Novice: 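Before I ask anything, let me first share the structure, which is written out below as structure tokens.
Since this is a predicted model, take the numbers as computed values, not measurements.
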Amino acid sequence: MDNNKITGSEALLRSLSQEGVEIIFGYPGGAIMPVFDSLYDFRDKIKHVLVRHEQGATHAAQGYARVSGKVGVALVTSGPGATNAITGVADAMIDSTPMVVICGQVVSYLLGTDAFQETDVVGISQPISKWAYQIRRPEDIAWAVARAFYIASTGRPGPVVLDLAKDAQIGLVDYAYKKEKHIRSYFPVPEMDATQIQKAAKLINESKKPLALVGQGVILGNAEKELLAFLRKADIPAAWTILGLSAMPSDEELNVGMLGMHGNVGPNIKTNECDVLIAIGMRFDDRVTGNLNTYAKQAKIIHFDIDPAEIDKNVKADVPLLGNAKQTLSEVTKLLKDNKHTGWRAEFKPFEDSEYQRVIKGELFPQSGMIKMGEVVRKVSEATNNDAILVTDVGQNQMMGVRYFKFKQTRSNVTSGGLGTMGFGLPAAIGAKFGAPDRTVCLFVGDGGIQMTIQELGIILQTKVDIKIILLNNHFLGMVRQWQELFFKERYSETVMCNPNFIQIAQAYGIAAKKISERADLDAAIGEMLQTKGSFLLEVEVEQKGMVYPMIPAGSCVTNVLLGDEEN
């Protein structure tokens with residue numbers, strides 16, 4: 001071997017180290033084996049977490065990225081290893097999560113021959129990633145890694161896929177690394193338009209009934225302080241999307257609750273009564289807007305976003321404000337008048353009181369019957385001093401989690417928003433704990449979702465990572481059952497779950513576990529879970545046919561809110 005040259009696989013790991021990578025979630029296989037062999041010599045620099053399925057690697061990388069603000073990294077083999085990772089790539093794309101997925105590939109001279117474990121990874125992943133690139137030569141590895149991390153982490157973040165041929169891994173190269181700072185035709189942060197800044201400030205200053213919609217762009221842009229300064233100066237009530245949750249503290253006076261299908265009544269109703277609607281780092285998803293033909297037609301729309309593709313995509317903006325929210329919010333705030341909207345803000349209170357009496361009180365403080373999901377969420381949040389990281393799977397557990405968990409600091413909410421990926425929760429919670437090792441991580445998951453990635457309990461067995469798993473077991477695919485009850489005449493087609501003994505499964509993986517079904521045992525069980533060193537699975541038998549209310553039926557107007565007691 002030429003002493004001045006190194007292998008492509010070593011070049012890859014050196015490049016990852018140059019980008020500050022300290023942890024990789026992965027699973028070895030034939031086409032990526034040279035990289036794993038080189039990884040053996042990097043154990044003091046880069047920690048590798050062995051997942052049990054490649055989908056788990058991507059979700060763990062997502063959880064890590066969401067709480068740390070860093071780029072998550074997954075390392076998998078070719079063929080089925082790569083295709084198993086595709087769900088996580090799609091999830092990260094729609095939720096704007098910075099991630100680099102490195103896939104092994106067959107040697108370059110076999111490409112296109114249908115060789116063993118060959119798939120067209122670039123062709124598959126291009127539509128669902130920010131960039132997908134196949135590396136066939138060791139000389140291209142450092143360049144591709146630098147570009148991948150730059151693209152994944154800048155502008156609107158997202159996933160990048162590198163398809164690494166085996167001969168590129170074993171070939172020799174003179175190694176040099178240069179971080180990427182500019183790519184021709186790629187403009188991650190659009191230039192601010194001073195005219196639009198002035199127009200936005202004028203509209204807000206003249207507004208009598210402004211309403212802000214806070215999305216994840218605030219968190220991704222590290223603009224939480226700028227958001228609060230903006231809201232407080234103009235006294236603007238603010239609601240949040242599911243991914244915007246924790247951008248402002250739960251107890252912030254201007255925080256009026258959650259938007260969307262299962263959001264709070266007040267902000268949904270007031271969306272169609274405000275005179276200026278200020279969207280900040282959110283994309284007007286259909287679960288937020290409902291029927292676009294009846295959405296906020298009375299309001300002037302100001303849309304802050306870093307991605308030009310989102311402007312006018314779903315909702316026409318009167319004032320588009322392109323740029324990083326940290327900068328654009330700050331510039332608009334300079335031009336705002338100190339204002340008070342006491343009367344307008346007071347209009348939210350009757351809706352808040354009504355929703356509390358008709359929905360929330362019975363969900364959080366039930367006096368009889370089986371344990372409810374909401375009361376479990378409330379009690380866990382209170383027991384962690386409202387300062388834990390919430391991770392959810394998808395379904396009723398997700399909606400109850402985001403509705404009733406409380407937050408003091410940002411980057412405290414990890415959930416699958418746009419794709420709604422069941423099975424996301426468990427590996428994402430593990431990744432979140434690696435990303436924030438000093439914080440308590442609480443995972444709320446249903447009996448359906450946990451079984452989609454239950455094998456990732458093996459990570460806990462091997463690494464002793466400490467997460468608290470709250471399994472809300474209603475023996476149903478709960479959210480699908482809710483829709484069947486409301487819209488399909490209670491025809492519960494294939495939503496009843498015949499479940500295993502989750503406690504025995506947890507114990508087989510060396511995880512402390514407890515099952516309760518009585519309300520009188522709930523507080524003590526939560527206390528035991530939080531006081532136990534290491535991971536803990538608390539299975540709570542909850543009411544089988546619980547409902548998540550409020551609910552706006554899909555495709556309806558945002559004011560068409562069901563509260564579940566309409567017959568009373």
Side-chain angles (χ1 to χ4, degrees), residues 242 257-265 268-269 285-291 351 354-378 392-404 415-417 419-425 444-452 470-499 502 517 519 539-568:
I242 287 176
M258 185 170 88
L259 297 161
M261 178 176 282
H262 293 290
N264 295 110
V265 177
N268 279 326
I269 295 289
D285 174 72
D286 64 287
R287 289 296 171 97
V288 165
T289 66
N291 186 347
F351 292 102
S354 173
E355 183 179 344
Y356 181 82
Q357 291 298 328
R358 296 172 66 181
V359 176
I360 297 173
K361 183 178 179 181
E363 183 66 38
L364 299 190
F365 303 97
Q367 301 301 307
S368 60
M370 291 191 69
I371 299 171
K372 289 181 175 283
M373 288 188 182
E375 71 175 307
V376 181
V377 173
R378 173 184 67 83
T392 76
D393 204 80
V394 168
Q396 289 184 317
N397 64 87
Q398 178 185 37
M399 293 299 107
M400 290 296 187
V402 296
R403 276 183 59 83
Y404 298 122
T415 195
S416 174
L419 202 63
T421 305
M422 287 182 68
F424 173 89
F444 289 88
V445 62
D447 47 314
I450 196 170
Q451 292 185 80
M452 287 196 170
I470 302 95
L471 171 56
L472 301 173
N473 190 351
N474 59 8
H475 300 275
F476 269 104
L477 295 176
M479 189 58 84
V480 183
R481 182 210 56 76
Q482 176 165 333
W483 282 52
Q484 288 173 334
E485 182 166 326
L486 292 174
F487 310 119
F488 292 88
K489 301 178 181 179
E490 300 184 28
R491 291 157 59 91
Y492 300 129
S493 178
E494 302 304 320
T495 48
V496 178
M497 298 290 285
C498 181
N499 290 320
F502 291 111
S517 58
R519 182 167 288 112
E539 179 184 358
V540 184
E541 291 270 0
V542 296
E543 60 176 340
Q544 290 198 347
K545 294 187 178 181
M547 304 288 277
V548 183
Y549 286 116
M551 182 179 184
I552 299 171
S556 294
C557 177
V558 289
T559 60
N560 184 19
V561 182
L562 303 178
L563 293 172
D565 61 354
E566 283 76 13
E567 294 181 359
N568 296 336

Novice: What pairs meet the salt bridge (Lys or Arg N to Asp or Glu O under 4.0 Å) rule with one or both residues in residues 393-404, with sequence neighbours excluded?
Specialist: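 Listed once each, the pairs are Glu355-Arg403.
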Novice: Report the distance from atom CZ of Arg358 to atom CD1 of Ile360, rounding to the nearest 0.5 Å.
Specialist: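 Rounded to the nearest 0.5 Å, the CZ-CD1 separation comes out at 12.0 Å.
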Novice: Is any side-chain heavy atom of Phe502 closer than 4.5 Å to a side-chain heavy atom of Ile450?
Specialist: yes
Novice: To the closest 0.5 Å, what do you measure between CG (Leu477) and CE (Met422)?
Specialist: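 One finds 5.5 Å between CG of Leu477 and CE of Met422.
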Novice: How long is the straight-line distance from CE of Met399 back to CE of Met258, given to the nearest 0.5 Å?
Specialist: 5.5 Å
Novice: Nearest 0.5 Å, please: how far is OG1 in Thr559 from CD1 in Ile552?
Specialist: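 Rounded to the nearest 0.5 Å, the CD1-OG1 separation comes to 8.0 Å.
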Novice: Could you tell me whether the side chain of Arg519 and the main chain of Gly369 form a donor-acceptor pair under 3.5 Å?
Specialist: yes
Novice: Just so I know, are the side chains of Met373 and Glu363 near enough to count as touching, which here means a heavy-atom distance under 4.5 Å?
Specialist: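 Heavy-atom side-chain distance check passes, below 4.5 Å.
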Novice: May I ask you to test the Phe351-Asn268 pair for a side-chain heavy-atom distance under 4.5 Å?
Specialist: no
Novice: Taking C-beta and beyond as the side chain, do Lys545 and Tyr492 meet within less than 4.5 Å on heavy atoms?
Specialist: yes
Novice: Do Met551 and Met261 have side chains that approach each other closer than 4.5 Å (heavy atoms only, starting at C-beta)?
Specialist: yes
Novice: Heavy atoms only: give me the nearest Pro550-Val265 pair and the separation to one decimal.
Specialist: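 Reported closest heavy-atom pair: CG-CG2, 3.7 Å.
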Novice: Where do Met479 and His262 come nearest, in terms of heavy atoms and distance?
Specialist: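 Looking at all heavy atoms of both residues, the shortest contact is CE-NE2, 3.8 Å.
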Novice: Quick check: do Gln396 and Arg481 have side-chain heavy atoms less than 4.5 Å from each other?
Specialist: yes
Novice: Check the pair Asp447, Asn474 against side-chain contact (heavy atoms from CB on, under 4.5 Å), reporting the backbone distance first and the verdict last.
Specialist: CA-CA 7 Å; Asp447 47 314; Asn474 59 8; 3.2 Å; yes
Novice: Do the side chains of Pro366 and Glu543 get nearer than 4.5 Å, heavy atoms only?
Specialist: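 Result no, sub-4.5 Å side-chain heavy-atom pair not found.
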Novice: Less than 4.5 Å apart, any side-chain heavy atom of Tyr549 and any of Asp565?
Specialist: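 The answer is no; the side chains never approach within 4.5 Å.
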Novice: Hey, could you give me the CG/CE distance between Leu563 and Met547, rounded to the nearest 0.5 Å?
Specialist: 12.0 Å
Novice: Check side chain to side chain donor-acceptor pair (under 3.5 Å) between Glu539 and all other residues, then give those that pass, not counting sequence neighbours.
Specialist: Asn473
Novice: Evaluate the ring planes of Phe365 and Tyr356, with Trp represented by its six-membered ring, and classify them as parallel (under 30°), tilted (30 to 60°) or perpendicular (over 60°).
Specialist: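 Phe365 vs Tyr356 ring planes: tilted.
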Novice: Working to the nearest 0.5 Å, report the span between NE2 of His475 and CD of Glu541.
Specialist: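 Going from the NE2 atom of His475 to the CD atom of Glu541 covers 3.5 Å.
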Novice: Determine the minimum heavy-atom distance between Val561 and Ile269, stating which atoms define it.
Specialist: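 That closest heavy-atom pairing would be CG2-CD1, 4.4 Å.
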Novice: Quick check: are there more than 12 heavy atoms from other residues, nucleotides or ligands sitting under 6.0 Å from CZ of Phe488?
Specialist: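 No, CZ of Phe488 has 12 or fewer neighbouring heavy atoms, counting only those of other groups under 6.0 Å.
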